[in-house]
Amino acid sequence: MCGIAGWVSFQDDVRERRPLIERMTGTMACRGPDAAGVWLGAHAALGHRRLSVIDLETGAQPMSADRSVVITYSGEVYNFRELREELVGLGHAFETTSDTEVVLRAYRQWGRAFAERLNGIYAFAIWDEPAGELVLVRDRMGVKPLYYFPTPDGVVFGSEPKALLAHPAVDAVVDRDGLREMFTIVKTPGHAVFRGMRELRPGHLLVVDRDGLHPHRYWRLESREHTDDLETTIATVRDLLTDIVDRQLFADVPVGTLLSGGLDSSAVTALAARARRATGVTDPLPAFSVDFVGHTQRFEADVQWEDPDTPFAAAVAEHVGAEHIVVLLDNRDILDPAVRRATLLAQDLPISTGDMEYSLYLLCRAVRERVTVALSGEAADELFGGYTWFHDKTAVEGDTFPWHDPFNRAGGIGALREVGLWDDLGLEEYVRERYAEALAEVPRLPGETGLERRMREIGYLNLTRWENFLLDRKDRVSMAVGLEVRVPFCDHRLVEYVFNAPWAMKTFDGREKSLLRAAMRGVLPDAVLDRKKNPYPATQDTGYELALRDAVEKLCVPGNPVLQLVSAAGIRKLLDRPVGSYVMGGPWSARAVLERLIECNTWLDEYDVRLELD
């Protein structure tokens, strides 16, 4: 999967700057633990850290063609074998069996239009010496991250902000607008929190030449009339998913799945197990779940979690013939300072969803001991309408991002107000502005009105904002341990098809994710198919809450960096809440706010962040 870094300077000769590009690339050693490489030209420096997944022997990078066009590449292109065959027919001779060389030669053949031919998850940079330009490209759904920072004579870029921050042209400055983005859970496309830094938007490429930076959008989610009947739609969803999972199993290293016992991950696991057997693989598919010590015994249902996951995950694994591996965690694991620091450094920003992110890091670390690639069920809820806010009248009819309504009801605004952040940062106004921008982007279908029109809006907001938040978290935490996570539900063919299916069809049986459930009928146990959607698990152990309180109490000591953001009095208002009241209810819950304050304190110190709030 890998990590990339580099810069272009049209005024300076960068060939003597090897230590700098090595330092930038070295910040992402976790993304590519298998190999490192750099390439230096007169005006461009490219760096690469490799996680070997395809063509283990000859896929080293940066990779060049005719010594004039060079690529540093992160990701996977799932249709590279078809593209390779086409390119061979056009006269190209290949020296490796990697998808990287296919991407490079596709650029040589079709120029910038090559991006439209790629199916996969990727972020890469191509330096075209004859043209005197750098081309940055990011996949359609934004699964793989890519950041850049314009300079007076070029650009600095990398897979993660930490790579850019290692360059002397980039400072770790965060202004009021950056903090607003960080605390509102909006995930504005292109926003990178650090001042001056940008994230290349999904479905875009960026050309950098002597005249400046020139963005180009090569893909957008469009609205079109859905003409298939219900039976055909269900069959098409099943056929697309089957093909997608089959393609995404390709690797020269061990592959497994992340299995929660919910519909999405269970569908991926079942299709993966079936595809492996069809190719003659007899070893059972490794399927990994996370659980907490004593969780099943003390579990109490609430508005989010109806039942514990592990029994359902075990049932799916037995049904499809997978090997079920449970990663069991306790409070000591999640509270381990080394784990918390590693999770923070993986994301370059304070964590957003509390212990979920620490347990995700620990899950990925355990998975990496057995496999290098894992398929995940990410994006099915956004695509098929799985979240509660798709079906909540108040959220649907609201005038803000639909996920903000349940977060507010879970005490989010109250918690942020208590510590002073909601009003001091003007978060209400910021959310309102970003919501208006997002709504203006929605592709309309002529003649569509009422609920169908509104649900198209909500689907678009989820796929372009909320899902990007989750994809970024999954990529950064998994790659921090050198694990490549693939997301079948983000295949653009499936996204385009299901996005345009009418809402009435997506809920034809009166429930969430009707199309996906119907497509998997007969493939999965009925108990799993008919199960209510549960979020990613969080610990309900009050011992964890008590440990959080102790950590937050220590933030009130003068001199702590977080007191640049909040007052000790504001922090104590949250601490005055009774023990047991910190129910995990999303990124704005009181518990998540406490987690973020602890992380902010470390972040401000570790990254030497300079806050400029005037």
Side-chain angles (χ1 to χ4, degrees), residues 1-2 4 6 8 37 39 41-44 46 48 50 53-55 57-144 146 148 155 157 200-211 213-220 243-244 247-248 250-252 491-493 496:
M1 188 56 71
C2 313
I4 67 171
V8 168
W39 180 91
H43 298 293
L46 305 182
H48 188 263
R50 188 181 186 204
V53 173
I54 296 175
D55 188 4
E57 299 299 324
T58 61
Q61 296 186 49
M63 183 180 292
S64 64
D66 306 324
R67 299 184 179 274
S68 61
V69 179
V70 188
I71 187 171
T72 181
Y73 170 83
S74 169
E76 308 290 352
V77 170
Y78 302 124
N79 64 334
F80 81 97
R81 286 166 287 184
E82 296 96 317
L83 288 173
R84 179 190 176 97
E85 185 177 344
E86 184 177 0
L87 288 164
V88 167
L90 292 169
H92 289 262
F94 285 81
E95 299 176 3
T96 75
T97 59
S98 69
D99 58 337
T100 304
E101 187 179 5
V102 171
V103 173
L104 181 59
R105 293 191 178 278
Y107 171 78
R108 296 282 285 174
Q109 178 65 39
W110 296 300
R112 298 173 195 171
F114 81 121
E116 300 169 19
R117 295 172 173 263
L118 307 180
N119 177 322
I121 54 176
Y122 47 80
F124 55 86
I126 295 176
W127 172 247
D128 189 331
E129 183 73 39
E133 63 185 30
L134 178 77
V135 182
L136 301 177
V137 185
R138 192 175 181 205
D139 66 70
R140 291 171 177 82
M141 292 297 291
V143 178
K144 304 314 296 179
L146 183 54
Y148 67 95
V155 70
F157 67 89
L200 187 61
R201 293 189 62 156
H204 279 67
L205 61 81
L206 179 72
V207 177
V208 183
D209 59 23
R210 290 183 179 274
D211 296 325
L213 280 63
H214 315 284
H216 170 70
R217 188 171 194 167
Y218 70 88
W219 181 84
R220 70 179 65 238
D243 176 69
I244 291 164
R247 286 175 179 271
Q248 295 194 16
F250 184 84
D252 295 327
D491 185 291
H492 71 277
R493 297 170 298 159
E496 290 171 348

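Everything numeric here is computed off the predicted structure, so don't read it as measured data. As a basis for the values below, the full set of heavy atoms in this structure was taken, side chains included, without hydrogen atoms, waters or symmetry mates.
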Val207 vs Leu205, side chain to side chain contact (heavy atoms under 4.5 Å, CB included): CA-CA, chis, key distance, verdict:
CA-CA 7 Å; Val207 177; Leu205 61 81; 3.8 Å; yes

Criterion side chain to side chain contact (heavy atoms under 4.5 Å, CB included) on Leu146 and Ile4, from CA distance to verdict:
CA-CA 9 Å; Leu146 183 54; Ile4 67 171; 3.8 Å; yes

Full working for side chain to side chain contact (heavy atoms under 4.5 Å, CB included) between Val137 and Phe114
CA-CA 10 Å; Val137 185; Phe114 81 121; 4.1 Å; yes

Chi angles and distances behind the side chain to side chain contact (heavy atoms under 4.5 Å, CB included) call for Leu90, Trp110:
CA-CA 11 Å; Leu90 292 169; Trp110 296 300; 3.9 Å; yes

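Scanning all heavy atoms of the two residues, the minimum distance from Glu82 to Tyr78 falls at OE1-O, 4.3 Å. Nearest heavy-atom pair across Ser74 and Phe124 is N-CB, 4.3 Å. Between Pro62 and Leu46 the shortest heavy-atom distance is CG-O, 3.8 Å. Between Leu136 and Leu200 the shortest heavy-atom distance is O-CD2, 3.7 Å. Minimum interatomic distance between Glu95 and Glu101 (heavy atoms only, all atoms of both residues): N-OE2, 3.0 Å. Of all heavy-atom pairs between Ala106 and Leu87, the closest is N-CD1, 3.9 Å.
With a 4.5 Å cut-off on side-chain heavy atoms, Arg112 and His216 do not count as touching. In this structure, the side chains of Tyr73 and Met63 stay at 4.5 Å or more apart for every pair of heavy atoms. Put simply, the side chain of Val8 reaches to within 4.5 Å of the side chain of Trp127, judged on heavy atoms. Inter-residue side-chain proximity for Arg50 and Cys2 is flagged as met; some heavy-atom pair is nearer than 4.5 Å. Leu134 places a side-chain heavy atom less than 4.5 Å from the side chain of Phe157.
Note that the CG atom of Asp252 and the CD1 atom of Ile54 stand 6.5 Å from one another [nearest 0.5 Å]. Here the CD1-CG distance, from Ile121 to Asp491, works out to 10.5 Å after rounding to the nearest 0.5 Å. How far CZ of Arg84 is from OG1 of Thr97: 6.5 Å, rounded to the nearest 0.5 Å. Taken from CG in Leu118 to CG in Leu83, the straight-line distance is 6.5 Å, to the nearest 0.5 Å. Rounding to the nearest 0.5 Å gives a distance of 14.5 Å between CD of Glu133 and NE2 of His43.
At distances below 3.5 Å, not a single donor-acceptor pair connects side-chain atoms of Asp128 with backbone N or O atoms of Val135. Side chain of Asn119 to backbone of Asn79: no donor-acceptor contact under 3.5 angstrom is found.
Residues meeting the side-chain hydrogen bond (donor to acceptor under 3.5 Å, both in side chains) test with Arg117, sequence neighbours left out: Glu86.
Considering Gln61, His48, Glu76 as possible partners of Thr100, the one that fulfils the side-chain hydrogen bond (donor to acceptor under 3.5 Å, both in side chains) test is Gln61.
A salt bridge between Arg140 and Glu496 is absent, with no side-chain N of the basic residue lying under 4.0 Å from a carboxylate O of the acidic one. With salt bridges taken as basic N to acidic carboxylate O contacts below 4.0 Å, one links Arg493 and Asp243.
Ring geometry for His492 against Trp219 counts as perpendicular: the plane angle is over 60°, on a 0 to 90° scale with 30° as the lower cut.
Cation-pi contact between Arg105 and Phe94: present, with separation from the ring centre below 6.0 Å and deviation from the ring axis of at most 45°.
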